[in-house]
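Below is one structure; the comments refer to it alone.
We count ligands from 1, going down the list as the structure has it; atoms in each ligand are counted the same way.
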Amino acid sequence: MKNVISVSIGEAALKKGKRNFFENKLLGKIRIATKDLGNPKVYRELGKIYIEVNEDNIERIINRVKKVFGLVYLAPAYRIEKNIDDIRKMALEALEDERRNRDIKSFRIVCKRADKKFPMNSMEVSRDVGGYVLENAKDLKVDLHKPDLYIYVDIRENTYIYTEKVYGYGGLPIGTNGKGLLLLSGGIDSPVAGFMIAKRGVLIQAVHFHSYPFTSERAEEKIKDLAKIISMYTGEIKLYSINILNIQKAINKNCPEEEMTIISRRFMTRIAERIANKNYIDCLITGENLGQVASQTMKALNVTNSSVDLPILRPLVGFNKSEIIEIAEDIETFETSILPFEDCCSVFLPKHPVTSPILKNIERSEEALNVEDLINNAIDEMKITKIGIR
Ligand code: ATP
Ligand code: MG
């Protein structure tokens, strides 16, 4: 019976001198991720992490842990004693087990010996175990190039045998690369943008702008649902909700209609920057893209940048919409993103937004507004929710 999940660490382990640090981070993340699934024992052994499981919870734990960044793959494994007799028998059992599900005509043993004290080297183990399996399953062949089944034998403090790898997302453990504030709208793009940056080890918090009561409470719920899905990857998310209705009204009343979108965006980034600075956050993250909609031009991005000092990360800038949707489907935000609730931007949507805004002109338009007061009032009314399962 499979009794552990073997967790293979990727890039994290490649960084010399940082290995211990990353392994411990990842171990902690896995513990948190599995806490409500029976709080299984999680431990390290010579460069890999192991989770003790049983038949009842293995599937659920794999699905949960797969979403932790910093691991390459998970392998449901048999943990056994470190002696060649047990290894032979278990390799055969692993093969028979797999054969119950599918047709297998060839196999290959792949042995890794992390414990150099083990008396046989990895070649010797592979050959020995391969011979034993052949003797007991006479209809099979060894195929070193394209076998139907790989049987992995990892010799560490214990021995681990597995035949299946479930790939995760790679990346780096959350919290190893600073903090970012995601501007989270209800669309398809921003959840994907948050996912991408979080994957690089960045701890994510989120800010959402709404125009209640012009936008509904259900629209607000949708944002929380999206944040909850993202939190499966990132851990708990602090969500700041800001009502910008008064700001939009002020812009609508005092500025040229076609500048509504760009000026609103500059308010969003300014407010986001205030929140970021107060919370020691190093960057803003948006789902902006080049050319996807009329307002997303290089010039508009530049004019938005000029409203703040913090860098704005836009991981989707070079993606096609179809590529973004593919990721959104994979990370399970798509279905929620396409629910048809109104967005604050649609409240005062200009018919012809400026596509080539000029900074000087925008700044002149903004002189008609009391920018500082508008920002401070919006922040004063801010609501904070903590979202997530771990
Ligand atoms: P998305 O699918 O993420 O909504 P979009 O294609 O609709 O993106 P825009 O509406 O132009 O594009 O928004 C661009 C980016 O600005 C969003 O990805 C998001 O990061 C930010 N943004 C837009 N509206 C909001 C909002 N109401 N609250 C927070 N951030 C927002
Ligand atoms: Mg949008």
Side-chain angles (χ1 to χ4, degrees), residues 180-198 204-212 214-216 219-224 226-227 229-230 237-245 247-248 251 260-276 283-301 303-305 307-308 310-317 319-325 327-329 331 333-350 353-355 357 378-379 382-383 385:
L181 183 61
L182 171 66
L183 280 77
L184 179 62
S185 70
I188 295 166
D189 303 334
S190 44
V192 175
F195 167 86
M196 305 267 299
I197 296 299
I204 300 286
Q205 299 189 0
V207 57
H208 174 66
F209 301 95
H210 62 87
S211 319
Y212 187 79
F214 281 59
T215 54
S216 65
E220 191 70 11
E221 279 309 306
K222 173 179 165 177
I223 302 303
K224 288 183 182 159
L226 282 172
I229 299 170
I230 302 170
I237 289 187
K238 216 171 174 184
L239 174 69
Y240 305 89
S241 300
I242 305 260
N243 191 331
I244 54 164
L245 184 57
I247 294 176
Q248 289 177 306
I251 301 171
M260 182 76 208
T261 307
I262 184 75
I263 296 179
S264 307
R265 185 59 44 82
R266 281 162 60 87
F267 269 92
M268 288 188 191
T269 45
R270 283 185 186 114
I271 292 171
E273 186 182 54
R274 303 281 173 102
I275 298 170
C283 68
L284 307 182
I285 303 159
T286 75
E288 282 166 311
N289 181 271
L290 265 178
Q292 197 187 83
V293 289
S295 58
Q296 289 179 357
T297 60
M298 191 79 89
K299 287 210 160 56
L301 296 186
V303 171
T304 307
N305 283 351
S307 63
V308 290
L310 278 185
I312 304 177
L313 303 187
R314 301 177 170 101
L316 307 185
V317 79
F319 278 39
N320 300 322
K321 192 76 188 185
S322 60
E323 293 169 316
I324 299 170
I325 289 176
I327 302 174
E329 283 176 334
I331 66 172
T333 52
F334 184 73
E335 292 292 315
T336 306
S337 285
I338 58 173
L339 294 174
F341 294 120
E342 65 294 332
D343 176 53
C344 73
C345 300
S346 50
V347 177
F348 297 95
L349 200 63
V354 277
T355 51
I379 291 179
M382 172 170 80
K383 289 208 176 70
T385 328

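I312 places a side-chain heavy atom less than 4.5 Å from the side chain of T286. Within the 4.5 Å cutoff, the side chain of L301 has heavy atoms near those of the L290 side chain.
Atom 12 (O) of ligand 1 has its nearest heavy-atom neighbour, among H210, Q296, H208, in Q296.
Ligand 1 places these atoms under 4.0 Å from at least one heavy atom of F209: 26 (C), 27 (N), 28 (N), 29 (C). Interface of G287 with ligand 1, defined as ligand atoms under 4.0 Å from a residue heavy atom, comprises 17 (C), 18 (O), 20 (O). Using a 4.0 Å cut-off to heavy atoms of E288, the atoms of ligand 1 that qualify are 14 (C), 15 (C), 18 (O).
Remark: the T297 side chain and the T355 side chain contain no N/O donor-acceptor pair separated by less than 3.5 Å. In this structure, a donor-acceptor pair under 3.5 Å is absent between the side chains of T215 and E220. Residues S190 and S185 have side chains that bring a donor and an acceptor to within less than 3.5 angstrom of each other.
Under 4.0 Å from ligand 1, the heavy atoms of V207 that appear belong solely to its backbone. Only the backbone of L184 comes within 4.0 Å of ligand 1, counting heavy atoms alone; no side-chain atom from C-beta on gets that close.
Legend: residues meeting side-chain contact (heavy atoms from CB on, under 4.5 Å) with I251, ordered by chain and number and at least two apart, are I247, C255, M260, I263, S264, F267, L369. Under the side-chain contact (heavy atoms from CB on, under 4.5 Å) criterion, T261 pairs with S295, P350, P353, sequence neighbours left out.
Side-chain N or O atoms of R266 include one that pairs as donor or acceptor with a backbone N or O of V303 at under 3.5 Å.
At least one N or O atom of S185, backbone or side chain, sits closer than 3.5 Å to an N or O atom of ligand 1. An N or O contact shorter than 3.5 Å is missing between P191 and ligand 1 by distance. An N or O contact shorter than 3.5 Å is missing between G186 and ligand 1 by distance. Considering backbone and side-chain atoms together, S190 places an N or O closer than 3.5 Å to an N or O of ligand 1. Polar contact check, I188 against ligand 1: a nitrogen or oxygen pair lies under 3.5 Å apart.
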